[in-house]
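As the structure lists them, so they are numbered: ligands from 1, and atoms in each ligand from 1.
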Amino acid sequence: MRLLGTVLKQIHKPAVYSTHRRRLSSRATGGPSPLRVEAPVVGSNRELVLSLGLQVEVRTGFITEEEEAALLQELEPGLRRKRYEFDHWDDTRKQYFLVPVNEDNRRVKVTGRLDQAIHGYRETERVTWGAACEEILTRVRSAAFPEGSSLLGPVHVLDLDKAGYIKPHIDSVKFCGSTIAGLSLLSDSIMRLVKEDDSSEWLDLLLSRRSLYILRDQARYQYTHEILKDEESVFNGQKVPRQRRISVICRNLPG
Ligand code: OGA
Ligand code: MN
């Protein structure tokens, strides 16, 4: 199924559409822009890009190099003490679909994460941040959530090894609300959204280093999301090398 999807994607040149007016990386000073692309969102068909695109945002250059460095400085010491986890599981999509399930196909008690869906990672959660980082997170929150929204207190930090990746899943509806907003540090990557009940409907998002992505509503509930492994990391025909990648993710609470 997945393979067929991949083949189809290669045959059909996807529609290209930007979900927001192009900005010229206004906040990111210096540093080569890693890829020259027309738009950070492509998809299986134009209608989908136009409709689902309303619930998907990718803001290229959302943070500066200095801000990225500030986040890394705060996160690295804690992350370095942990080991990357490389799990093994059967390669059947259902097993990690929606929320993790155990051998009896019963949903496991999740503390918020989808361990079986993530390969080659270490992670942490952080409630309090230094002033510089708090300021960045305030900007993320005001970009993603309406004022006064109830947010999940701890910010989720996920460190993917260069060989790490995130398999298709939908975040637990029990623990997270309608919106997921994530900063990407250290590496470009591709996030793929695939419709839960129709795998021919998909979007690829180019999450460039220092970008912010926001998934809302249907994009969050009716589509799986995944982060492609290095070997598969091709955006609209262009290879996007995957390095170690850290994401800093804010979520709201279920309504
Ligand atoms: C997750 C997830 C995406 C990211 O942790 O559930 O999908 O950007 N993470 O790391
Ligand atoms: Mn997720």
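Side-chain N/O atoms of Ser184 and Arg245 include a donor and acceptor closer than 3.5 Å. Between Asp188 and Gln243, the side chains place no donor N or O within less than 3.5 Å of an acceptor N or O (distance only, hydrogens not considered).
Less than 4.0 angstrom separates some heavy atom of His156 from each of these atoms of ligand 1: 5 (O). Of all atoms in ligand 1, numbered sequentially from 1 with element shown, those under 4.0 Å from a heavy atom of Arg245 are 4 (C), 8 (O), 10 (O). Heavy-atom contacts of Tyr213 reach the following atoms of ligand 1: 3 (C), 4 (C), 8 (O) (cutoff under 4.0 Å). Here is the list of ligand 1 atoms found below 4.0 Å of a heavy atom in Ser247: 4 (C), 8 (O), 10 (O).
Salt bridge annotation for Glu134-Arg141: present, with a cationic side-chain nitrogen under 4.0 angstrom from a carboxylate oxygen. A salt bridge links Asp230 to Lys162: at least one charged side-chain nitrogen sits closer than 4.0 Å to a carboxylate oxygen. Residues Glu232 and Arg242 are not paired through a salt bridge, judged by the lack of any N-O separation under 4.0 Å between the basic side chain and the carboxylate. One finds a salt bridge joining Arg244 and Glu76 here, because a Lys/Arg side-chain nitrogen approaches an Asp/Glu carboxylate oxygen to under 4.0 Å.
Residue Arg251 touches ligand 1 through its side chain alone, judged by heavy-atom distances below 4.0 Å. If you look at Asp171 next to ligand 1, the close heavy atoms, those under 4.0 Å, all belong to the side chain. No part of Ile180 comes within 4.0 Å of ligand 1, judged by heavy-atom distances. Contact annotation for Leu160 and ligand 1: no heavy atom of the residue comes within less than 4.0 Å of the ligand.
No more than 12 heavy-atom neighbours from other residues, nucleotides or ligands sit within 6.0 angstrom of CD on Glu135.
Not close to ligand 1: Glu123, with no non-hydrogen atom less than 4.0 angstrom away.
Taking the Mn ion (ligand 2) as the apex, the angle formed with NE2 of His169 and NE2 of His225 is 90°, to the nearest 10 degrees.
The closest donor-acceptor contact from the side chain of Ser233 to the backbone of Leu228 lies at 3.5 Å or more, if one exists at all.
Asp171 contributes atom OD1 as its closest N/O/S atom to the Mn ion (ligand 2).
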